[in-house]
Structures are given as structure tokens and as C-alpha cells.
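Okay, so here's the structure we're looking at.
Here is how names work: the chains are called A, B, and so on, in the same order as the sequence lines, proteins then strands, and each is numbered from 1.
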Amino acid sequence: MSGILVFAEQREGKLNRVTYEAVVAGQRLAAGLGLPLSVVLLGSGVDSIAQELATKKADAVYLVNNQHLERYTPDGFSLAMRQVIEQLQPQYVLLAHTYLVRDFAPKLATSLGKALVADCVGYKLEGKVLTLVRQIFQGKINADVSIHDSAPILVSFQAGAFRGDDAEAGSAEVKNLSVQLSADQIRLQPQELFREAKQSVDLTQSKIIVSVGRGIKEKDNIAIVEKLAAALDADIGASRPICDSGWLPMERQIGSSGQTVAPKLYLAVGISGAIQHVVGMKNASTIVAINKDANAPIFDIADLGVVGDLFEVVPALVDEIEKAKAEG
Amino acid sequence: MKIIVCVKQVPSRDAILRINESGTWIQDRDIAYDVNEPDAYAVEEALQIKEKLVEQGGSAEVIICSLGPDRVQMAIKEGLAKGADRAIHICDPAFDNLDALAQARVMAEVIGKEGFDLIFTGLQSDDYGFAQTGVILGELLGVPSATIAMAVELHDGNKSVRVKRELEAGWFQWYQMPTPASISIQSGLNQPRYATLKGIMNAKKKEIRKVTLADLSISKDLLAPKQTVEKVYFPVKSKKTEIIEGSAKEAAAKLVTKLKQMRAF
Ligand SMILES: Cc1cc2nc3c(=O)[nH]c(=O)nc-3n(C[C@H](O)[C@H](O)[C@H](O)COP(=O)(O)OP(=O)(O)OC[C@H]3O[C@@H](n4cnc5c(N)ncnc54)[C@H](O)[C@@H]3O)c2cc1C
Ligand SMILES: Nc1ncnc2c1ncn2[C@@H]1O[C@H](COP(=O)(O)O)[C@@H](O)[C@H]1O
């Protein structure tokens, strides 16, 4: 085929919507390089998802049905994808950089003697030469990465790098592809998915959230932002390190492994704006960031920003809010 | 039970980063360095497993493995001071700026020769952020791997390990696999200890074995980068943030006026 192959992700029979972002990357790259585009779906009894994928513009959707792929395991998915790649001989394999992909794609790439270009935020195409854009230093800096390798080249894209809604509609042919797997090749036994005991804090309904990050430095300083939250009648949220340290309970965590919120107003105090935090709050109507580093990635998504020391700005803010409230 | 903990030293989260003159990397002199955050949790997890095994009458050895220039000895010593038994420092100019696969090839050869029951890595490095090393090590060494671990439990007389994996949006899943295995640790699964003064003193006597290219049978060809960072730069902001200027007090007053206009509170 020597084209572009997009990996479609499903878990427990449900398509992960972020797959469409990889499809968009695939459609654009296919157009730019003049290559055919295929999508591959692994699982067991997931024909309807293949049909769903086939409503997007692509040359083919390959469906790999195998009982050993019913539950995701890195062994099963990596071995199956390797056989798919051997059969289809794609030039590029594109994946969305999800928790599932980061669990098996490096293994797949290694088994092919390749290095995965992981977590890219975009690409540049000059003629037929592809350069990938990756974030380094937790999103503070971008890097242009060139590839010196033979096909297949494996690339994963960060969530949000493309808009899934931009996927062009079409009608692809669904084709079956078979792989050989045996139970003894799968060394990991997965158990049921579960959630921790029900959360008592639901931030998804909050109107205003004051969220605190590591810029707060010490547990005792949390009181400073609690005052701000009280003045605004807001709920408190936090970045992961604050919850990891036990300064606030886990259920206050916002981001990819915490809650996804969309309040009217989100104040990020001493939060750098790493992608895993941003995916949990980028849909807030108004985002205000207070950070001493003018280059902090949070300023890329904030509507309003104060570049300054939170230990000065936050108390001043509390004073001004009280004043404004007194004035009515 | 032999546990290898891969510890990377990275620029501090607080470091103000500047780009070097050729625009190919940051200016990496004169900035502060720290242990990569999840790696500190990996060290703690290894120490806790060892302590538990010792309590049950067993034994374990915790070995820190770090690849990087001389400065990474700081990160190694931190692990030793907290209680790791010894360390391996992989150090050679030939190992600078390798891509994820090439770097892991070097580490895998060293770790393979050393022997292991468990390899712990952090799930992602702050600088390159490959998010791959633990999984690649598993594949190169022919052992299973699991990522984003929020708990690690040994079973069946240490012949298998149960890992609680974090999935998106608050979901978790336990996986069981045979040892030896490679596990990528997520932050927050324990509370890392601080080194004590006694620990720091003890660490001075602990072995740090240096490994260079000459000690390995790896061919230089295998280390040829398949990915090269051509250029680094500050990202162009896609959204126009309105920056509110002035002293803290002035900025606060202006911000409140704006928020009021927007009926934000
Ligand atoms: C798989 C995975 C899942 C993750 N899930 C999540 C998640 O759900 N939620 C989450 O938040 N993170 C998550 N993370 C972690 C994420 O990558 C970042 O490490 C984290 O969000 C950083 O938190 P922070 O911004 O508080 O800290 P830092 O990145 O350390 O930023 C602190 C900020 O405070 C600023 N600052 C310091 N002092 C001051 C001061 N005096 N005044 C003003 N500003 C100051 C600094 O300039 C800096 O920008 C995840 C990571 C991975 C790999
Ligand atoms: N140079 C290194 N020395 C020691 N460990 C490393 C090194 N690079 C990566 N690692 C380990 O691999 C993990 C993931 O790194 P990465 O794949 O670069 O995101 C880190 O958290 C470390 O545990």
C-alpha cells in the first residue's frame, strides 16, 4: 500500500473520539504527500465501529477481528499491529497519543526497530519532506524534529493537535484483515475497569473555579487561594502535583486524569498549563491566569493574564473583590 | 528481588529556560537541575517494596541507573541517600542527545547485563518527554511492561506483579503479569521521603559504577539518531491573551473591573 495508516482506538466496544483527530492528520498528510489513506481498527466484535469510521474520507478501513484483541493488552495490540504493518506496508502510521497508545506504541515501534515520534502537536511539509513539531520541557518550548529512517515511520499526535470535527466525510470500504495470535503470547492479564469510590466533589457543575498549582510552594499557602475562592464564591480546583502531595484531596484534580470542567470563570493560579491540565479546563468561558513566568503555556489559552507573583497578586485581588462587592 | 530504578536528571520546573545561540537546544549551563518528578516516586516505590520484603524476612536490592553527564551524580546521590543500595552511572559523550530508542538500547544493554526482577522508570521525562523509555526497555529485554502505574504489588512469591494502571478520566485497571517486568510509574502513588542526614552520610560509601561506550558491545551505528531536533523555539501563541499590566495592586483592580464588566461574579 505504501500509504498512510491511521490507528483507530476503541475500548470496551466504544470508539475513542480522539481517533478523528488522527484521521484529520492522516487526511491532510495523504493530500499533501499524494498517498492513499487507510484506517485500522483492532478488536473483537467491533464491526459497527468500523462502519462508523467508514463514513470518513479514506481509501479503506481495515477491520482486524480477533478474540485475543477483545480486551486491550499491550502484547496483543503490539503483535497485531506489527502483522498489520507487515501486510499493508504503510509509509506512515499515525496514532492519537492517548494512554492506550503510549502503553503499546513504543513497544510496537521497537519491535520494528523504529523510534516512535511521540506526542507531536503538528507537522510541516516542505515538498515531500516531513518535519514534526513536538513539545519539549512540558510544553514550554517547541522542537522541529526531522526523521532519518526508512518506512514505516510511526507518529503520535497530542490530543487537540487537530480538530476531530474537521474530518472530511466520505465512504471508505471496510475490509477484513486477519492476524495470528495465541493466548500464550499475551503475558498480561487485564482485570475489569473501575473507578474509585464515588467522588463527593463535582466540579463539573461549578460556575467559578479557582485552581491552584505548584506555584503555591507549600501546603500552608493554600489558604491564600482559599480566601480568593471564598471572595468569589468559587470552588477550589488543583493541578496534579497539589493532589499528589496530598495538599488537596484527589477529587479536586482537574485534567486528563482528573475532572473535566467548563465553568464560566476559571482562575489558574501558579499553574504552568501542561497539556494534561489544559484538556480538563480549556472549555471554560473565561480563563484568567496568574503566573510569574510570561512564557508559561497557560498564557496560550488564557483570556486574561497577570504576569506576577501570586503572593502579591492574589491578596490584592481579594481586597479589590471585597471593595467591588461593598460598592455593589 | 533486584529492582532497577531509572532516574533522569532534568532542568528544574522553576528554571527560566533560554534558547541557545544556534537555536538547537536550551542554554543548559547555569540552570538548576532536579530529579524528574515521577522518577522520585519510582525510587520511593522501590524502597517501599524492599522494606516490605525485608519485613517479611526476604531481601531486595534497589539500584539507581542514570544516563547523563557528570552532573547527574547529584540525582544519583539523592536516590542513594534515600536508601537505594548502589548505582550505575552511564556516562559518555557518545550518549548525548540520543533519540528514545538509541538511548534505551544503551540502558537495556547495561540493565540486561546487571540482571533484574523489576525495572521502574518514570512515565515521562520533563525535558524530551518521549514517554517511551520504560516500554522500550521492556521490549528490548524481552519482558512485559505496564505504564502509568498507580500501585505495584508483588504476588506468588515475587513471580508475578499486579499493577494498577491509571486510565483517562478517573478510570483504573489492574493488570497482572509475570516478573521480570518493566513498569512506568505515575506521580502520586506514594509520598516520597526526604533524605536524612544519616542517609546522606551513608550514601558516600555506596558504589556508583560508571559505564562508558567502551564497556559496551553496542555498535555506534545502532546509536545513529533516527530523529534529530533541528530547531527549538518558543511556541507562537495561538490565542491573544490580554495581559493586564501594572503593580500587583493596579493589575488586581483592573482585573476586577474587567471581571465585573463580564459579570463573571
Ligand atoms: C499521563 C499524565 C497524566 C496527567 N494528568 C494530569 C491531570 O489530570 N491534571 C494535571 O494538572 N496534571 C496532570 N499531569 C501532570 C502535568 O503534566 C503537569 O506536570 C502538571 O499539570 C503541572 O502542574 P503545575 O502547573 O501546578 O506545576 P508546574 O508545571 O511546576 O508549574 C508551576 C507554575 O507556577 C508558576 N509560579 C511559581 N511560583 C510562582 C509565583 N510566586 N507566582 C506566580 N506563579 C508562580 C511557575 O512559573 C509555573 O508556571 C499528568 C501528566 C501525565 C504524564
Ligand atoms: N537519561 C536517562 N537516565 C535514566 N533514566 C532515564 C533517562 N531517560 C529516560 N529515563 C527514564 O525513562 C522515563 C521516561 O522518559 P522518557 O521516555 O524520556 O519520557 C524517565 O522518567 C526515566 O525514569
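Checked by atom type, the side-chain pair A:S111/B:E139 shows no donor-acceptor distance below 3.5 Å. Side-chain contact, B:Q173 with A:R11: a donor N or O sits under 3.5 Å from an acceptor N or O.
For chain B, the nearby parts of A:T98 are the backbone and the side chain; heavy atoms of each come within less than 4.5 Å. Contact annotation for A:Q253: neither backbone nor side-chain heavy atoms come within less than 4.5 Å of a heavy atom of chain B. Contacts between B:D127 and chain A at a heavy-atom distance below 4.5 Å involve backbone atoms as well as side-chain atoms. Residue contact with chain A, scored on non-hydrogen atoms closer than 4.5 Å, involves the backbone and the side chain of B:L167 alike. Using a 4.5 Å cut-off between heavy atoms, B:A100 makes no contact with chain A at all. Contacts between A:L116 and chain B at a heavy-atom distance below 4.5 Å involve backbone atoms as well as side-chain atoms. For B:Q132, the parts lying near chain A are the backbone and the side chain together; criterion is any non-hydrogen pair under 4.5 Å. Of the two parts of B:P11, only the side chain, counted from C-beta on, holds a non-hydrogen atom closer than 4.5 Å to a non-hydrogen atom of chain A. If you measure heavy-atom distances from A:E192 to chain B, the contacts under 4.5 Å come from the backbone alone. Of the atoms belonging to B:L123, heavy atoms from both backbone and side chain fall under 4.5 Å from chain A. Contacts between B:I148 and chain A at a heavy-atom distance below 4.5 Å involve the side chain alone, from C-beta outward. Contact of A:S256 with chain B is made through the backbone alone, with heavy-atom distances under 4.5 Å. For A:P190, the parts lying under 4.5 angstrom from a heavy atom of chain B are both the backbone and the side chain. Within the 4.5 angstrom heavy-atom criterion, atoms from both the backbone and the side chain of B:I244 approach chain A. With a 4.5 Å cut-off on non-hydrogen atoms, A:V318 does not touch chain B at all. Interface residue A:V133: only side-chain heavy atoms are found under 4.5 Å from chain B. Interface residue A:Y72: backbone and side-chain heavy atoms are both found under 4.5 Å from chain B. Neither the backbone nor the side chain of A:A159 comes within contact range of chain B; no heavy atoms are under 4.5 Å apart. Of the two parts of A:K107, the backbone and the side chain both hold a non-hydrogen atom closer than 4.5 Å to a non-hydrogen atom of chain B. Proximity to chain A is absent for every atom of B:K254, based on heavy atoms less than 4.5 angstrom apart. For A:K207, no part sits under 4.5 Å from any heavy atom of chain B, backbone or side chain. Contact annotation for A:D119: only side-chain heavy atoms (C-beta onward) come within less than 4.5 Å of a heavy atom of chain B.
Side-chain atoms of A:D103 come within 3.5 Å of backbone N or O of B:T147 as a donor-acceptor pair.
In this structure, CG on B:D99 lies 8.5 Å from CG on A:D149, to the nearest 0.5 angstrom. Atoms CD1 and NZ, on A:I321 and B:K260 in that order, are 11.0 Å from each other to the nearest 0.5 Å. Atom-to-atom distance recorded for B:I16:CD1 and A:K292:NZ is 6.5 Å, nearest 0.5 angstrom. In this structure, the separation between CG on B:L101 and OG1 on A:T110 is 5.5 Å, given to the nearest 0.5 Å. Put simply, NZ on B:K249 and CD on A:E312 are 13.0 Å apart, with the number rounded to the nearest 0.5 Å. Separation of atoms CG (A:D75) and CE (B:M177) is listed at 9.5 Å; rounding is to 0.5 Å.
Of all heavy-atom pairs between A:P74 and B:S145, the closest is CG-O, 3.8 Å. Considering all non-hydrogen atoms of both residues, A:P106 and B:A131 come closest at CG-O, 4.3 Å. Nearest approach of B:T241 to A:G305, heavy atoms of both residues: CG2-N, 3.7 Å. Residue A:Y99 comes nearest to B:E168 through the heavy atom pair N-OE2, 3.3 Å, listed as atom of the first residue, atom of the second, then distance. Across all their heavy atoms, B:P235 and A:G139 have their closest contact at CG-O, 4.1 Å. B:P144 and A:L188 get closest at one heavy-atom pair: CB-CD1, 3.9 Å.
Per-residue heavy-atom pair counts under 4.5 Å with chain B were compared for A:A118, A:A105, A:S146, A:A143, and the maximum is reached by A:S146. Heavy-atom pairs under 4.5 Å with chain A peak, among B:Q124, B:R162, B:Q176, at B:Q176. Annotation: maximal heavy-atom pairing with chain A below 4.5 Å, among B:Y41, B:Y128, B:F172, occurs at B:F172. Note on A:S257, A:G308, A:A109: by heavy-atom pairs under 4.5 Å with chain B, the leading option is A:S257. When the candidates B:E245, B:R165, B:E250 are compared by the number of heavy-atom contacts under 4.5 Å with chain A, B:R165 comes out ahead. Contacts with chain A were tallied for B:A169, B:A251, B:A104; B:A169 has the most, counting heavy-atom pairs under 4.5 Å. Chain A forms the most heavy-atom pairs under 4.5 Å with one residue out of B:E242, B:R263, B:M262, and that residue is B:E242. Chain B forms the most heavy-atom pairs under 4.5 Å with one residue out of A:K264, A:Q135, A:R214, A:K325, and that residue is A:R214.
Relative ring orientation between A:F137 and B:W25 is described as tilted, the plane-to-plane angle lying within the 30° to 60° band.
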- Which is it for A:I141 and B:F234 under the side chain to side chain contact (heavy atoms under 4.5 Å, CB included) test, yes or no, and what are the steps along the way? CA-CA 5 Å; A:I141 294 179; B:F234 289 104; 3.9 Å; yes
- Item | Worked verdict on B:E37 versus A:R240 for salt bridge (Lys or Arg N to Asp or Glu O under 4.0 Å) | CA-CA 12 Å; B:E37 182 162 56; A:R240 180 166 191 126; over 6 Å; no
- Message: Between A:K140 and B:D126, is the side chain to side chain contact (heavy atoms under 4.5 Å, CB included) condition met? List the steps.
- Response: CA-CA 10 Å; A:K140 289 183 197 132; B:D126 265 7; over 6 Å; no
- Query: Step by step, would you call A:R187 with B:Y175 a side chain to side chain contact (heavy atoms under 4.5 Å, CB included)?
  - Reply: CA-CA 10 Å; A:R187 297 165 292 185; B:Y175 278 78; over 6 Å; no
- Task: Apply side chain to side chain contact (heavy atoms under 4.5 Å, CB included) to A:Q138 and B:R13, showing your working.
- Result: CA-CA 9 Å; A:Q138 294 244 312; B:R13 287 273 174 101; 3.5 Å; yes
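Counted within 6.0 Å of CZ on B:R71, heavy atoms from surrounding residues, nucleotides or ligands total more than 12; the atom is thus considered enclosed. Within 6.0 Å of CG in B:D96 there are more than 12 heavy atoms belonging to other residues, nucleotides or ligands.
Using a 4.5 Å heavy-atom threshold, the side chains of A:R134 and B:F130 count as touching.
With B:L259 as reference, A:L265 is the one residue of A:L317, A:L265, A:I208 to meet the side-chain contact (heavy atoms from CB on, under 4.5 Å) rule.
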